[in-house]
Amino acid sequence: MASITRRTFLGIASYFALAPTLGSRGYAAPDDTKVTLLGTRGGPRVVKQGPANPSNLVTAAGRSYVVDCGYGVTRQLVDAGIEAHEVRTILITHNHSDHMLELGPLVYNAWAGGLREPIDVWGPPPLNRMIASFLDYIAYDIDIRMEGEGRPDLRNLVRVREFEAPGPVFEADGLKVSATKVRHPPLSHAYAYRFDTPGRSIVLSGDTTYSPELIALAKGADVLVHEVMHLASVDQLLSRVPNAPTLRKILVEGHTTTEQLGHVAAEANVKTLVLTHFVPADDRSITDAMWIEDVRKNFAGEIVVGRDLMTI
Ligand SMILES: [Zn+2]
């Protein structure tokens with residue numbers, strides 16, 4: 001893995017001391033590689049208030065890499081200062097709807113915004129079928145705009161890079177991206193991604209329960225952006241979902257509790273752990289201190305409770 005610039009260690013006390021003044025862009029990076037949390041909600045629900053559905057933006061060497069495309073990703077990107085057509089690479093961790101519902105529309109929005117170069121979409125099966133289906137869904141509009149507005153054919157600009165094994169994903173501009181398979185049953189394909197540049201390393205867990213493969217991928221990383229579930233509050237979440245009787249079992253088997261997450265971060269020896277994909281996402285009785293409490297039992301590094309549009 002690339003060499004890592006050691007960052008100043010921030011313990012829990014200094015995190016709390018600094019938090020009020022750091023602001024959304026306060027976590028200074030040793031180079032320009034950074035991650036912006038576009039949506040920190042876990043799950044596909046769309047509600048009036050609260051965090052957006054899952055998506056992230058990694059910026060390295062001036063290029064934008066979108067990781068996951070939950071509903072609202074285009075709007076969140078714009079709010080983060082990036083227009084859709086500036087995105088050339090999209091990576092999907094897994095194909096639960098909260099991670100890909102707006103994948104096709106983001107590609108379309110890139111085209112509507114002036115895309116003329118190819119856009120690469122990486123992810124596990126059935127990515128090929130999903131993109132083909134979306135392009136069929138939107139074909140009527142594409143054909144009309146090609147003829148009427150002289151636009152290039154979007155179908156020729158989308159390069160689908162479906163993969164189904166861990167390993168290197170791609171290298172570009174000093175950036176190396178790699179993936180490992182994580183444990184998110186009942187899906188057979190769920191991946192975490194690691195971004196390495198000469199000055200910084202950022203890992204995004206996607207959705208996973210405690211996963212030794214993820215720990216191996218994240219070894220020594222500067223930043224680990226990881227999903228999290230507050231188990232004690234899950235039953236309150238379930239009381240608001242009347243039509244999914246086996247959801248609790250799925251949540252427990254496929255996600256990482258706060259206590260497990262402390263083990264993950266400690267065993268991976270990451271410097272900064274960023275909590276995201278909060279489950280439950282809408283329970284305002286869960287304070288930042290409560291999200292951190294059980295993580296802190298096992299992990300001594302910096303812990304950041306993620307917020308939409310926070311950059312780390
Ligand atoms: Zn999932």
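Order of appearance sets the numbers: ligands from 1, and atoms from 1 within every ligand.
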**Q** Counting backbone and side-chain atoms alike, does H184 have an N/O/S atom under 2.8 Å from the Zn ion (ligand 1)?
**A**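 So H184 does bind the Zn ion (ligand 1) by this criterion.
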**Q** What I want to find out is whether R63 reaches D173 closely enough, with some N-O distance under 4.0 Å, to be called a salt bridge.
**A**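 So R63 pairs with D173 through a salt bridge.
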**Q** Using a cut-off of strictly less than 2.8 Å, determine whether D207 has an N/O/S atom near the Zn ion (ligand 1).
**A**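 Yes, within the cut-off.
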**Q** If you have a sec, read the angle at the Zn ion (ligand 1) from H94 atom NE2 over to H96 atom ND1, to 10 degrees.
**A**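 Vertex the Zn ion (ligand 1), arms to NE2 of H94 and ND1 of H96: 100°.
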**Q** Regarding Y71 and Q76, is there a side-chain donor-to-acceptor distance under 3.5 Å anywhere?
**A**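 No, no side-chain donor-acceptor contact under 3.5 Å.
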**Q** Taking all atoms of both residues into account, what is the closest heavy-atom pair of V203 and A221, and its distance?
**A**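 Minimum heavy-atom separation between V203 and A221: CG2-CB, 3.8 Å.
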**Q** For the residue pair T208 / E227, report whether a side-chain donor-acceptor contact shorter than 3.5 Å exists.
**A**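 Short answer, no.
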